[in-house]
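Throughout, protein chains are lettered first and strands after them, A, B, ... in sequence-line order, and every chain is numbered starting at 1. None of the values given here were measured: they were computed from a predicted structure.
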Amino acid sequence: MQDEYQLDYFKENGFVRKTCPKCKTNFWTRDADTEFCGDPPCVSYSFIGAPVFKKEYDISSMREAYLSFFEKHGHTRVDRYPVIARWRDDIYLTIASIADFQPFVTSGLVPPPANPLTISQPCIRLDDLDAVGRSGRHLTTFEMMAHHCFNSRGNEIYWKDRTVELCDTLLADLGCDLKAVTYKENPWAGGGNAGPSVEVMVGGLELATLVFMDLKQVKGGSIEIKGETYEKMDNYIVDTGYGLERFVWASKGSPTIYDAVFPKIVSELMDLAGIEHSIDNPEYARMFSQNARFAGVMDISGQANLLQLRKKVADTIGTTVEKLQKLMVPVESVYAITDHSRCLAFMLGDGIIPSNVKAGYLARLVLRRTLRLMKELDIREPLIEIIEMQIKNFPEYPEFRERLDTIREIVALEEEKYADTIERGTKLVKKTALHFKDKKEKMPLGELIQLYDTHGIPPEITREVAKEAGVEVELPDTFYSLVAKKHSKAQEEETEGLTLDLPLTRKLYYEDSEQTEFSAKVLEVIENKIILDRTLFYPEGGGQPADHGTLSMEDYVANVADVQNMNGVIVHETDSDIGFKKGDAVKGKIDWERRLAHMRHHTATHIVNESAKAVLGKHIWQTGAQKSTDRARLDLTHFKRITDEEFREIELLANRAVMKNQPVYIDWMDRIEAEKKYGFVLYQGGVPPGKEIRILRVGSDVEACGGTHVSNTGLIGPIKLIKTERIQDGVERIEFSAGEAAVKRMQERDELLNKASDALRVSPEHLPDTVNRFFDEWKEFKKENERLKAELAEVRVKAMMGDAVEINGLKVLSKKIQHADVEELIKAATEFSKNDDVVAILASESGGVKIVVAAGARAQKLGVNAGAIVREMSKLVGGGGGGKPGIAQGGGTDAARIEEALERGVEMVSEKMK
RNA sequence: GGGCCUGUAGAUCAGGGGUAGAUCGUUGCGUUCGCAACGCAAAGGCCGCGGGUUCGAAUCCCGCCGGGUCCA
């Protein structure tokens, strides 16, 4: 690895290689007197108050200076990608510029959009959320300016020397003193790749990282970095990252990155929060400068570390931690809000819908955190106003302004939801707190975790509310990591794909989607799995199930039950292992009805998606879909429930699209070209691998799709939407049927309707009214019934009182009442036992044996226990029972022994009286 | 993708195998010139839906539907 950094460029330009005495890493510098590597904590920030470039830049002028510099040096400028990584299924957010080109460009499968290229890619990282605002340098959202160069053996554009040279020249162009620059050696590894890398340090600030990615992770590889083993790759990539915000900061030398990057919004927010932010006041600026310097050299995650930082800063500027805290906390919150609102502008602007899962959850996390900070500062301005400020501040992203109406609605809804959660939470906390107050205990940690984990109530709020109720809580520093621990990580299972050393199967289903029969040669037979040289059988994929059908040879036929695509080799699984062998010529026949139903549902899915977008808005994005022969479902990102009206409208539009009988266009296109032409909407149904992708166009819907489709929309037949379902917050599912399945569904519904109206002897039109009337009447009868039972009970009591037997001063009544249900028995028994000295033992036979015993107050005092009596009696009739001493009920199945049970009941009372 | 919580009167919620409750609100009566306040009374429940267990389910179990929330 050492040799990797022996660049000619360094040698020719008078660099010397030194080893940092503190961290022991090697670095290159033009100034032989430089002692340390230039990276905190070995050195601290020196650029604050001493800008490193010859003039000040803001975000847009810095970005432009960078991009045009690289354009001038032979690079093509490429548009930014969205912050939500739509083209990836392994990460939610775009975390680096290279993420734009993973995995297919970096793997060499797909050529880059340009080579070499330069880009300024907005990135979002939420790892250090707590440090944002406090450290003076952390941001959730930043633009990674980069130049990338994709080399392969025999086709090298440029590699290490040229990369360092470009960096050096750029810094020189910006007026940076090159003697102050150090290139620190620091091998990089991540996401299965690795390579040598240098960090570019100026004034104690890491301005850029130049990564030379030429290794891939291989088990037992010969090169070891950070505990993993790697091998050289055939393609090797220049992956650079220049922090736009850091360049701006370095150009201004302001106390914090926030004051450098968004001075206007910071000052507006300070006004709203009523904070005097006099960054020109040297004393004030010194406080934040010192803070940033110290924070630059230490880890400030966790309360303990933060306190340590506060202490250091307080000591240097000669104040107390308390005073410092009071001054800094609100300002830090404003910084954080500024950053977070920018993050939200990007997230929502790029179409993330807040939700409780996936990327949507991250958006909600940031949004709620921002609201919390605003509340602490008592900023009454609606959040959307601040986000709008940000959006207006980015003239370079006009796409955000187009979405403003939707963003407004989303933010308003989210604010409402959060307020609800807090309100609900506060009540719950109060209740919980009172519970512990009664017990005179502290509220335990487990309770705090529970409140946060299941109800989303931040522990700080719990503490506050509990305090008001006079209950202390136990809140350790490590709270959030304790929560994280509770969610034990479910290890992701690696699905081991069967790798077959066979030629790729020719996909006849792509060549002619109307064909039902074909001939092919058997290439391999593994148990009941058959691999052919060509096939019409569509393998399961893209939410479309596998084709079924038969494979046959002269005298035998095998049913194909499943078909899978193993990296281009299509495997037919048959339900028996009758004897095909290598080299056999077979005939295949697919179950056309099944296939046609799939094709209809698949094309219909695209149409419903398009219709939903037209009705609900541009933010609609497919997050999943599944087809079958009789129905299909489509999951869409949407921030509220689909109304009945919208539902009908979507159905109508979908059927209109069918009736227009539009052609369905299928083209194989170069991936990069397709992305350029249509954008990432292509990947709604998933991200297909490969250089060439199959593009399907129906009406205005364009998607990368590997499924089989009908050739014209008219062939779909009717589309019947069945229902919507909210599978997650922010994700709506539409279920529908198409073609014959739709007709069947409609018929089924008609039948239900007919059956229902037949049952009530009315026509379907009158069904709703009639049902309502019946329901109302049913409720009335129920009430009346209850009233009558109560009356009946009274009458029965009067009539039967005379039959009571005296036992030691108690009146014991034991009686079988024909056909009375439990309720009647209870009512009668209760009525009896209103008399203190009465014990009523009642039984009936209605759907088995029912027994009710009630004892008056005096009887109970004398030891009569209704529960005990019922238990014993019920045992006799083959059941069980129980209740309270005053009233109990039970029963069994053996009606023949009712009399016996009643006798036993009386006997038990007299036993008590002895 | 993986968890956790939750659904009871118009609203907020208790209860948690054995006769469905409280508070507020509503209506009526009383008090008042009238209102507020107060006193008394009443109406208002498929205990989310469907299965299962049980003599008996609002309560336990399973599934579905709805709402909430955390993590990756």
- Query: With ring centroids as reference points, do A/Phe680 and A/Trp87 lie under 6.0 angstrom apart?
  - Reply: yes
Using atom [atom1] of [X] as one end and atom [atom2] of [N] as the other, report the distance to the nearest whole Å.
X	N	atom1	atom2	result
A/Gln728	B/G3	CD	P	12 Å
A/Lys358	B/C70	NZ	C1'	17 Å
A/Lys827	B/G18	NZ	P	17 Å
A/Lys850	B/U19	NZ	P	15 Å
A/Lys782	B/A20	NZ	P	10 Å
A/Lys723	B/C64	NZ	P	10 Å
A/Leu365	B/A72	CG	C1'	12 Å
A/Leu842	B/C55	CG	C1'	16 Å

Taking a pair as Watson-Crick or G-U wobble with both distances under 3.5 Å, which nucleotide is matched to [N]?
N	result
B/C64	B/G48
B/C29	B/G39
B/A20	none
B/G1	B/C71
B/U59	none

- Going by distance alone, is a donor N or O of one side chain under 3.5 Å from an acceptor N or O of the other, for A/Arg424 and A/His455? no
- Under 3.5 Å, is there a donor-acceptor pair between the A/Asp630 and A/Ser628 side chains? yes
When you compare [N] with [M], how far apart are their [atom1] atoms, in angstrom units rounded to a whole number?
N	M	atom1	result
B/G10	B/U26	C1'	8 Å
B/A42	B/C5	P	40 Å
B/G15	B/G51	P	28 Å
B/G25	B/C61	P	37 Å
B/G45	B/A20	P	15 Å
B/G48	B/G66	P	16 Å
B/G63	B/A43	P	40 Å
B/A57	B/G2	P	34 Å

Which nucleotide in [options] has an atom nearest any side-chain atom of [X]:
X	options	value
A/Lys779	B/C70, B/G45, B/G56	B/G45
A/Ile826	B/A72, B/U19, B/C55	B/U19
A/Tyr452	B/G68, B/C70, B/C46	B/C70
A/Lys417	B/C65, B/G68, B/U69	B/G68
A/Phe775	B/C46, B/C55, B/U19	B/C46

- Charged tip of A/Arg773 within 45° of A/Trp778 ring normal and under 6.0 Å: no
For [X], report the nucleic acid contact type (base, sugar-phosphate, nothing); a contact means any heavy atom under 4.0 Å.
X	value
A/Gly881	base
A/Val822	nothing
A/Glu725	sugar-phosphate
A/Tyr418	nothing
A/Ser874	nothing

- Note on the structure: CD (A/Glu651) and CZ (A/Phe736) are apart, to the nearest 0.5 Å, by 11.0 Å
Charged N to carboxylate O below 4.0 Å: is that the case for [X] and [Y]?
X	Y	value
A/Arg733	A/Glu735	no
A/Lys816	A/Glu845	yes
A/Glu376	A/Arg372	no
A/Glu824	A/Arg796	yes

- So do A/Ile642 and A/Ile734 actually touch side chain to side chain, heavy atoms under 4.5 Å? yes
Any side-chain N or O of [X] less than 4.0 Å from the OP1 or OP2 oxygen of [N]?
X	N	answer
A/Lys884	B/U19	yes
A/Arg726	B/G68	yes
A/Arg364	B/C70	no

- Between A/Gly890 and A/Lys783, name the one whose nearest nucleotide on RNA chain B is closer to the 5' end. A/Lys783
- Query: For RNA chain B, whose closest nucleotide is more 5', that of A/Gly883 or that of A/Thr893?
  - Reply: A/Gly883
- Is A/Asp453 side chain donor-acceptor paired with the B/U69 base, going by distance under 3.5 Å alone? no
- For each nucleotide in nucleotides 5-17 of chain B, reading 5' to 3', give B when a protein heavy atom comes within less than 4.0 Å of its base, S when such contact involves only the sugar-phosphate, and - otherwise. S------SSS---
